[in-house]
Amino acid sequence: MIEFIDVRKTYGGEIAVNGVSLRVETGELCVLLGPSGCGKTTLLRMANRLVEPTSGTIMIDGEDIMCSSPVELRRRIGYAIQSVGLFPHRTVAQNIATTPELMGMAAGKIAARTDELLSMMNLEPARYRDRYPSQLSGGEAQRVGVARALAADPPLLLMDEPFGAIDPINRAEIREEFLALQRRLRKTIIFVSHDIPEALFLADRIALMRSGNIEQVGAPPELIASPATEFVKRFFGGDRRMLLLETTRVAEMTIPPAGPGNPRAAIAAESTLREALLALMSGDGEHLGIHDGNGGMLGEITLGDIQRHMALAMRADGEPRR
Amino acid sequence: MNELFPFFADHLKDIGLRLGEHVRTVGVALLLAIPLGMGIGIALSRGWARRIRGPVFYLLGLGQTIPSLALLALAVGLLGIGVVPAVIALLLYSILPIARNCYTGIQSVPDAAVDAARGLGMTQLQILRSVQLPLAGAYIIAGIRTATVVAISAGALASLIGAGGLGDFIFAGISLYRPEEMLAGAIPTALLALGADFGLSLLEKRLERWRR
């Protein structure tokens, strides 16, 4: 768990971060989203003291980060950046081994860990471990960057647009892999992004920032359905109903119990409302069964249930609350 | 000219002796210039040195613009004749290329690599040792290479202030108009410079092997 309490950062007279308070729970992936220059990267870099706050407190698991030396603190926190910053004179394996080596892990253990991480990132260890960064594609380099951040198995990860420098197709793929990995590892992650689809896809919660302030914090459907300010509403733009369908999971709806007779089709509760809608429209039945992914039936929904949920979620019809 | 080989054959021992003196004077000067030049280059690459960077390079450059002969004469004026003033004059002469290349090399390291190194928990010293210097390695060797070649050639002049070396043959040959004696100094000096240049160029390439 990491908590920012009234954290400020000013450069001369310029305010970069203006008294921000934010709490990211253990195992949560929180995306700092916002236009460039909104202070999201500065906020992130204060968490491992790459930037020292002008005032305010940052606590990691209840301990003020100012109590440990910057170097010691950073070794306990994973760090991945957009430009990747792989060391060009070191092989992939040596790059990944950076933090474990700094922490004095035994060579044999490091080699095993390196291979484990490469496999985890879908890079075949035998093919990749002895390559130099100049022999990697953009996507491969970013995977290695993430593996390097995970190397010492830190409970907390700071990621500054770690998938920013790759083409859209590979980006979607690496994003999906990363989400699957996070579902398994359950790290506490602060993830800086300026990409709305990426934020909506990855975030447990989004902190939307503008000029040094957090405009709103919440789960993606919450920000879309009930924006706190005009800025939040405008930021997501386009058809917010569509975004809501894409970001809400069926599990978040009230699912009526299944009636007599089995529905013809069923989908997992983890699916989005958009997927449920498509299933309802392409199937010939009026009801769509919802299962828990392990064969257990949770109930069934109709088109009307989705409509009701959407109406409820959007009841303010997007009028900002303040 | 056909007396070159007999001269060589007769003076083999002498040539070896002078070559030894030459290598000693130049070698000592370089052994001092390398740590000193690298120290200056590293110091100037630090953030706190931003203000003094210009003036320091200007001063070092000034040393370089003084003709080597004049620098040797200055050294004699201050320190008398012999090996010590020769070493000091050559030292002053070789610092600039080493310091400048070391500084440029460190500046050439991608910011992202340094940022990542900091973020992963390296100390300033660890960043310098395992990221900045290795990545600047080829630049640093190139600087040492330039300094070595310059020092070997200028080292021939050291004979004029009593430091011995292959210059002894060259200047004796010129004043007595004995081309074979002059060449007995000039050829080994040239070969020494070429050899050092080639050897260091191999090292430079080796340090660049990750840049494929």
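In the text below, chain A, chain B and the rest are named by the order of the sequence lines, each starting its count at 1.
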Tell me, yes or no, whether the heavy-atom count around [X] atom [atom1], taken from other residues, nucleotides or ligands under 6.0 Å, exceeds 12.
X: A:E52; atom1: CD; result: yes
X: A:R186; atom1: CZ; result: yes
X: A:L185; atom1: CG; result: yes
X: A:H194; atom1: NE2; result: no

Task: Contact origin within A:R76 toward chain B - heavy atom pairs under 4.5 Å - done: neither
Open item on the list: If I compare all heavy atoms of A:V84 with all of B:A116, which pair ends up nearest, and what's the gap?
Closed with: O-CB, 4.2 Å
Task: Side chain proximity check, A:V71 to B:M122, heavy atoms < 4.5 angstrom - done: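 Counting from C-beta outward, A:V71 and B:M122 never come under 4.5 Å.
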Open item on the list: Side chains of A:Y79 and B:D115, heavy atoms from C-beta outward: is any pair under 4.5 Å?
Closed with: yes
Task: Nearest-0.5 Å distance, CZ of residue A:F87 to CD1 of residue B:I127 - done: 8.0 Å
Task: Between B:V109, B:V131, B:D111, B:V114, the one whose heavy-atom pairs under 4.5 Å with chain A are most numerous - done: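 Greatest number of close heavy-atom pairs with chain A: B:V131.
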Open item on the list: With a 3.5 Å distance limit and no angle check, can you tell me whether A:R75 reaches the backbone of B:G121 through a side-chain donor-acceptor pair?
Closed with: yes
TODO: For the pair A:H89 (side chain) and B:S130 (backbone), establish whether a donor and an acceptor sit closer than 3.5 Å, ignoring hydrogens and angles.
DONE: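 Indeed, once roles are kept as given, a pair shorter than 3.5 Å links the two residues.
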Task: With sequence neighbours excluded, residues passing ring-ring contact (aromatic ring centres under 6.0 Å, His included) with A:F178 - done: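 So A:F178 forms a ring-ring contact (aromatic ring centres under 6.0 Å, His included) with A:F163.
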- [ ] Tell me the residues of residues 139-149 of chain A whose non-hydrogen atoms fall below 4.5 Å from those of chain B, in number order.
- [x] A:R148
Task: Contact leader toward chain B among A:T98, A:I81, A:L86, A:L50, where contacts are heavy-atom pairs under 4.5 Å - done: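 Max contact count across the listed options: A:L50.
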